[in-house]
Amino acid sequence: MALIIQKYGGTSVGDIQKIQQIAQQVIKAQQEGHAIVVVVSAMGGETNRLVSLSHEMAKIPDEREFAVAVATGEQVSMSLLAMHLIDRGVKARSYTGQQAQIITDSQYKKARIVDINISSIRKDLDDGIVVVVAGFQGTDAKGNITTLGRGGSDTTAVALAAALKADECQIYTDVAGVFTADPRVVPEARCLPEITFEEMLEMASLGAKVLQRRAVEFAGKYQVPLRVLSSFENSLGTLISFEEKKMEKPVVSGIAFNKNEAKLTVMGVPVIPGMASSIIGPISEANIDIDMIIQNMGQEGTTDFTFTVSRDEYPKALEILQDVAKTIKAHGVIGDQRIAKISLVGMGMRSHSGIASSMFHILGNEGINIQLIATSEIKISVVVDEKYLELGVRAIHAGFGLDKEPAEEFDPVLVDK
Ligand code: ASP
Ligand code: MG
């Protein structure tokens, strides 16, 4: 008998028929002899509705109250599923985050799980009860309701899998698994049978929305066997594996992209020690997350300093920088909100050189100008004009043969146009 955590996202519990359909799936898994913990999201669109209601009530909703309001969505879907299971003669019991003793810190909107007291869930499972847990929520040490950030039900599922030492954590969603690129942009994209945890972490951080990044971090830390699969298709989905266990190792695995980016440049920054910190310091004090940072060697006493932030934080960052520029006697600030980041991810980059130059070649061939470049061991990111995003993603996808089954050693074909 295996212990399986099944997490169903908003579209999978989107209406009554869908909840009945996944109940069927839960019953089937139980009949196969498995112990099942189900984690549910709010019904599709519900969290957004609760967020807008809150913003109608207060310009900046009090965070404690906001968490209480948005956490209600999951409570509805968990109880509907549990009562339906009971109605069909299956022993089931639902738990809110608080009842499940998912203990978090007190950041109400984006809390981190610090502990889970699994004793009552464990007892229910021993008694053959299907345990249904509300995703996305927990409680702090003082008993306040907290939420885990948008997409946080994934993290609930992975954390429960880690705490209960589950045999597999299955994330059911509305797509077949993790794709080589978003199939809405690249119709030829393939569903990957397997991806390593490190690659998945990069993909999730770089803009692929299939899993919450924190859930992937958690899975990595506790070595949780994780699978992403479709709620309504019968397929194996994508297994997130740990490198040593992965059989085939393609050089590149996938492409992630992010449109929600903006770029800021401080021009004519004096080349003297301490300038980078004078620029970035006030930005991080304002809690604005910085993504890429580019600074060149200065010439004739000054240099330009560029970095990217998410688009919604652009106005705030620009305002701060204009003050900073005056203080440090830089020439001025320019910005661009019409940029997008494309990233190529793959474990094979560790051992293969030339991936970056192939990627740049492909983009050059399409007449796409690269504005910024950042690399890590297993990814290369470029910033391009937003209007070239789709073209760039498709060209890189085709150029690296991501639409085909991976060969053991793949060399991208560099055909000039
Ligand atoms: N319902 C929450 C959201 O929409 C959490 C989740 O679905 O994972 O962000
Ligand atoms: Mg999600």
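Here the structure is a predicted model, which is why all the values come from computation and not from measurement. For ligands, and for the atoms within them, numbers begin at 1 and follow the listed sequence.
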Chemist: Could you tell me whether R338 and D336 have a side-chain N and a carboxylate O separated by less than 4.0 Å?
Modeler: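 Salt bridge flag = no for D336 with R338.
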Chemist: List ligand 1 atoms under 4.0 Å from G151, heavy atoms only on the residue side.
Modeler: 3 (C), 5 (C), 6 (C), 8 (O), 9 (O)
Chemist: With atoms numbered from 1 as shown, which atoms in ligand 1 lie under 4.0 angstrom from a non-hydrogen atom of R150?
Modeler: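 Matching atoms, with element in brackets: 3 (C), 4 (O), 9 (O).
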Chemist: Decide whether an N or O pair under 3.5 Å exists between E74 and ligand 1.
Modeler: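 N/O-N/O distance under 3.5 Å: yes.
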Chemist: Identify whether the distance between the nearest side-chain nitrogen and carboxylate oxygen of E188 and K404 falls below 4.0 Å.
Modeler: no
Chemist: Can you tell me if G152 has a non-hydrogen atom under 4.0 Å from ligand 1?
Modeler: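 Distance cut 4.0 Å: G152 passes for ligand 1.
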Chemist: Consider side-chain contact (heavy atoms from CB on, under 4.5 Å). Of V210, D182, T11, which one does V175 pass it with?
Modeler: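 When side-chain contact (heavy atoms from CB on, under 4.5 Å) is applied between V175 and each of V210, D182, T11, only V210 qualifies.
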Chemist: Is a side-chain N or O of R350 found less than 3.5 angstrom from the main chain of E377, in a donor-acceptor match?
Modeler: no
Chemist: So F66 and H55, would you call those rings parallel, tilted or perpendicular, with 30° and 60° as cut-offs?
Modeler: perpendicular
Chemist: Check ligand 1 against S41 and write out every atom of the ligand that is under 4.0 Å from a heavy-atom position of the residue.
Modeler: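 Matching atoms, with element in brackets: 6 (C), 7 (O), 8 (O).
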